[in-house]
Participant: 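Have a look at the structure that comes next, please.
No experiment lies behind these values; they were computed from the predicted model shown. Only this structure's heavy atoms are used, side chains among them; waters, hydrogens and symmetry mates stay out.
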Amino acid sequence: DHNSPVADEFRCYSEIIPRYRIEAQIGEGAFSKVFRALDTVRNEEIAIKIIDKSSMTIQQINGILKEIAIMSKLDHENIVKLLAYKNSSNSRYCYLFLELVQGGEIFNQIIKYTYFSEDLSRHVIVQVVRSIKYLHEQVGVVHRDIKPENLLFVPIPVVPTPVHEQRRRQSDDANKLDEGKFKVNVGAGGIGTVKLADFGLSKVLWDRNTNTPCGTVGYTAPEIVKDEYYSKSVDVWAIGCVLYTLLCGFPPFYDTDPRNLAEKVSKGEYCFLSPWWDEISKEAKDLVSNLLTLDPSKRYTLDEILQHPWILQNSQITEPAFDAPPPTTHNSQLYQHFNDTSESLQTPRA
Ligand code: ATP
């Protein structure tokens, strides 16, 4: 049947098949499917996100256009690259050709390991901060949807080799957090470069081309300046939620009832729950507290995060990537459940 949805879907794939060989489905969103595929021209594996626009509202379609417009401006090692995009000939589908990030979601690693060591958490969060700093300061965009599901990672081998040991020693000597590449495999839980994905909810604060409002700030209305200020700080709050979750394996705000959850978030009601937080350093707790600060004007800025003693610690990733899981699978169950209701890692919007 040439008119069936299956036939239509087949046609949609066949249109890109001459160049791209689809290998497997690796993800799914509300209106999209993500595939791993071989680009036979560049002889390189990529990810293809195929968005079905047929049941989307105009607003949702505009959202996709915005996502594409924003993503095509981005060029940073901690952000998933948009390589190209096109519409199907019948306009029903939109294809996003993306850099393939082989490891998948950090979220799944938390489920797998229960929680991360402080060194591994630092390794992840520093990269997230760098990507957000680039977005806020170079591009003028806020992400607004930072969560472990939207953080992908490049896997690195977990078995140490002499080369890795040597490189680790060199980076110890260099003693530079900025190096990035020194995070070789030892104890890093297989997590290399972390890349931010999913710009579906992101928002432009200012435009480099027209230079508004940042370039003409003297004439910009206070509500716009304030909006920009508050917008940026929602990403910092979300970084706090992610850091909390990495360290203990469950999110800071959680309730099965969305209304109760909203209440807890709006009051900033969270705690360092015993026994999970007992062994975590006071420096890590101090940083989390400064990110999950209710008053956005008192909340840390990105530069303050990067200057915090916990971040500046000499990170060698020599301790195990994860400790033995606690006696129950409580954490991952809680987290998995939390993911179903998927609210508390989203930043509260004023
Ligand atoms: P949602 O409806 O959940 O917001 P979405 O339609 O916006 O999803 P994405 O979040 O972009 O879709 O992608 C869905 C999933 O596909 C991701 O969570 C990830 O697991 C996988 N994925 C997306 N892009 C890539 C990529 N470039 N490399 C590897 N995996 C990817």
Side-chain angles (χ1 to χ4, degrees), residues 5-109 128 131 135 139 141-155 193-204 339 342 345-346:
V6 174
D8 198 28
E9 189 166 342
F10 180 75
R11 265 198 302 276
C12 122
Y13 298 164
S14 66
E15 216 173 315
I16 51 174
I17 272 171
R19 172 163 179 179
Y20 302 98
R21 204 175 302 147
I22 290 178
E23 293 168 340
Q25 185 174 335
I26 51 174
E28 192 152 3
F31 300 98
S32 68
K33 284 182 181 165
V34 182
F35 298 90
R36 175 162 51 84
L38 179 72
D39 177 350
T40 57
V41 171
R42 288 166 48 169
N43 194 25
E44 205 174 72
E45 283 197 306
I46 60 157
I48 306 180
K49 181 165 163 179
I50 301 183
I51 303 163
D52 185 350
K53 293 185 281 183
S54 62
S55 51
M56 292 173 96
T57 64
I58 297 287
Q59 268 170 331
Q60 285 166 329
I61 293 174
N62 284 338
I64 302 287
L65 297 178
K66 205 175 72 179
E67 180 177 352
I68 292 173
I70 288 176
M71 279 199 89
S72 35
K73 283 196 272 195
L74 308 180
D75 183 15
H76 190 270
E77 70 157 333
N78 298 118
I79 296 175
V80 174
K81 259 185 204 57
L82 178 66
L83 305 168
Y85 59 91
K86 73 178 222 156
N87 279 310
S88 63
S89 51
N90 64 6
S91 285
R92 174 172 173 174
Y93 299 99
C94 180
Y95 313 109
L96 303 192
F97 303 95
L98 300 156
E99 163 194 15
L100 177 67
V101 191
Q102 295 270 10
E105 302 173 15
I106 291 278
F107 175 76
N108 292 324
Q109 298 303 103
V128 178
S131 73
L135 278 185
V139 197
V141 160
V142 279
H143 187 277
R144 305 201 298 179
D145 198 18
I146 304 164
K147 49 184 179 181
E149 296 87 324
N150 288 336
L151 298 174
L152 308 180
F153 70 97
V154 179
T193 305
V194 175
K195 292 181 190 261
L196 182 64
D198 198 351
F199 287 75
L201 287 182
S202 51
K203 184 185 161 200
V204 178
N339 190 39
S342 194
L345 277 189
Q346 295 188 356

Participant: So which heavy atom on Ala37 is nearest to which on Ile22, and how close?
Facilitator: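 It is CB-CA, 3.9 Å.
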Participant: Counting heavy atoms not belonging to Gln59, are there more than 12 under 6.0 Å from its CD?
Facilitator: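 Open.
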Participant: Hey, is CG on Leu65 packed in by over 12 heavy atoms from elsewhere, all under 6.0 Å?
Facilitator: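 Count over threshold, so yes.
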Participant: Taking ring-ring contact (aromatic ring centres under 6.0 Å, His included) as the cut-off, I'd like each qualifying pair that reaches into residues 50-85, sequence neighbours left out, listed once.
Facilitator: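 For residues 50-85, and leaving out neighbouring residues, the ring-ring contact (aromatic ring centres under 6.0 Å, His included) pairs sorted by first residue read His76-Tyr134.
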Participant: Verify, without hydrogens or angle tests, whether Gln25 (side chain) and Gly27 (backbone) share a donor-acceptor contact under 3.5 angstrom.
Facilitator: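 Judged by distance alone, yes, a pair lies under 3.5 Å.
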Participant: Assess whether side chain to side chain contact (heavy atoms under 4.5 Å, CB included) is satisfied between Gln102 and Val154, documenting all intermediate values.
Facilitator: CA-CA 6 Å; Gln102 295 270 10; Val154 179; 5.8 Å; no
Participant: Is Ile68 close to Cys94 at the side-chain level, that is, under 4.5 Å between some pair of heavy atoms?
Facilitator: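 Yes - at least one pair of side-chain heavy atoms lies under 4.5 Å apart.
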Participant: Distance from Leu82 atom CG to Leu96 atom CG, nearest 0.5 Å?
Facilitator: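 Between Leu82 CG and Leu96 CG, I get 6.0 Å after rounding to 0.5 Å.
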Participant: Atom OH of Tyr95 and atom CD1 of Ile48: how far apart are they, to the nearest 0.5 Å?
Facilitator: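 With rounding to 0.5 Å, OH (Tyr95) is 9.0 Å from CD1 (Ile48).
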Participant: Do Lys147 and Phe107 come within less than 4.5 Å of each other through their side chains, counting heavy atoms only?
Facilitator: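 Not in contact.
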Participant: Side chain to side chain contact (heavy atoms under 4.5 Å, CB included) for Leu152 and Glu105? Distances and angles first, verdict last.
Facilitator: CA-CA 4 Å; Leu152 308 180; Glu105 302 173 15; 3.8 Å; yes
Participant: Is there side-chain contact between Leu74 and Val141, with heavy atoms separated by less than 4.5 Å?
Facilitator: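 No; the side chains remain at least 4.5 Å from each other.
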Participant: Testing the basics here: between Gly103 and Pro155, what is the closest heavy-atom pair and its distance to 0.1 Å?
Facilitator: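 In this case the closest contact between Gly103 and Pro155 is N-CD, 3.3 Å.
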Participant: Closest heavy-atom contact between Asn90 and Ser88?
Facilitator: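 The answer is OD1-OG, 2.6 Å.
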Participant: Applying the side-chain contact (heavy atoms from CB on, under 4.5 Å) test to Lys81, which of Leu98, Asp75, Ile46 qualifies?
Facilitator: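 For Lys81, the side-chain contact (heavy atoms from CB on, under 4.5 Å) test succeeds with only one of Leu98, Asp75, Ile46, which is Asp75.
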Participant: Let me confirm one number: the CG-CZ distance from Leu38 to Arg36, rounded to the nearest 0.5 Å.
Facilitator: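 Spacing of CG (Leu38) from CZ (Arg36) equals 10.0 Å.
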Participant: To check you understand the geometry: which heavy-atom pair defines the closest contact between Thr40 and Pro18, and what is its length?
Facilitator: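 Closest approach of Thr40 to Pro18: OG1-O, 3.9 Å.
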Participant: Could you check Val204 against Ile70 for side chain to side chain contact (heavy atoms under 4.5 Å, CB included), going step by step and ending with a plain yes or no?
Facilitator: CA-CA 8 Å; Val204 178; Ile70 288 176; 3.8 Å; yes
Participant: Check step by step if side chain to side chain contact (heavy atoms under 4.5 Å, CB included) holds for Leu135 and Ile79.
Facilitator: CA-CA 9 Å; Leu135 278 185; Ile79 296 175; 4.1 Å; yes
Participant: How long is the span from the NZ atom in Lys49 to the CD atom in Glu67, to the nearest 0.5 Å?
Facilitator: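 Between atom NZ of Lys49 and atom CD of Glu67 there are 4.0 Å.
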Participant: Is it true that Tyr20 and Phe35 have ring centroids separated by less than 6.0 Å?
Facilitator: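 No, the ring centres sit 6.0 Å or more apart.
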Participant: Decide yes or no for Arg19 and Arg42: does some side-chain heavy atom of the first lie under 4.5 Å from some side-chain heavy atom of the second?
Facilitator: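 They are in contact (side-chain heavy atoms under 4.5 Å apart), so the answer is yes.
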Participant: Atom CZ of residue position Arg21 - does it have more than 12 heavy atoms of other residues, nucleotides or ligands inside 6.0 Å?
Facilitator: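 No, not enclosed.
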Participant: Side-chain donor-acceptor pairs under 3.5 Å in residues 193-203, sequence neighbours left out?
Facilitator:
| residue | atom | partner | partner atom | Å |
| --- | --- | --- | --- | --- |
| Lys195 | NZ | Glu77 | O | 2.9 |
| Lys195 | NZ | Glu99 | OE2 | 2.7 |
| Asp198 | OD1 | Gly200 | N | 3.2 |
| Ser202 | OG | Phe199 | O | 2.6 |
| Lys203 | NZ | Asp227 | OD2 | 2.8 |

Participant: With sequence neighbours excluded, give me every ring-ring contact (aromatic ring centres under 6.0 Å, His included) pair touching residues 39-67.
Facilitator: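 Passing the test, one end in residues 39-67: no pairs.
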Participant: When rounded to the nearest 0.5 angstrom, what distance separates CG in Leu83 from CD in Glu44?
Facilitator: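 Leu83 atom CG to Glu44 atom CD measures 7.5 Å (nearest 0.5 Å).
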Participant: About how many Å separate OH of Tyr93 and CG of Asp52, when rounded to the nearest 0.5 Å?
Facilitator: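 Atom-to-atom, Asp52:CG and Tyr93:OH are 4.5 Å apart.
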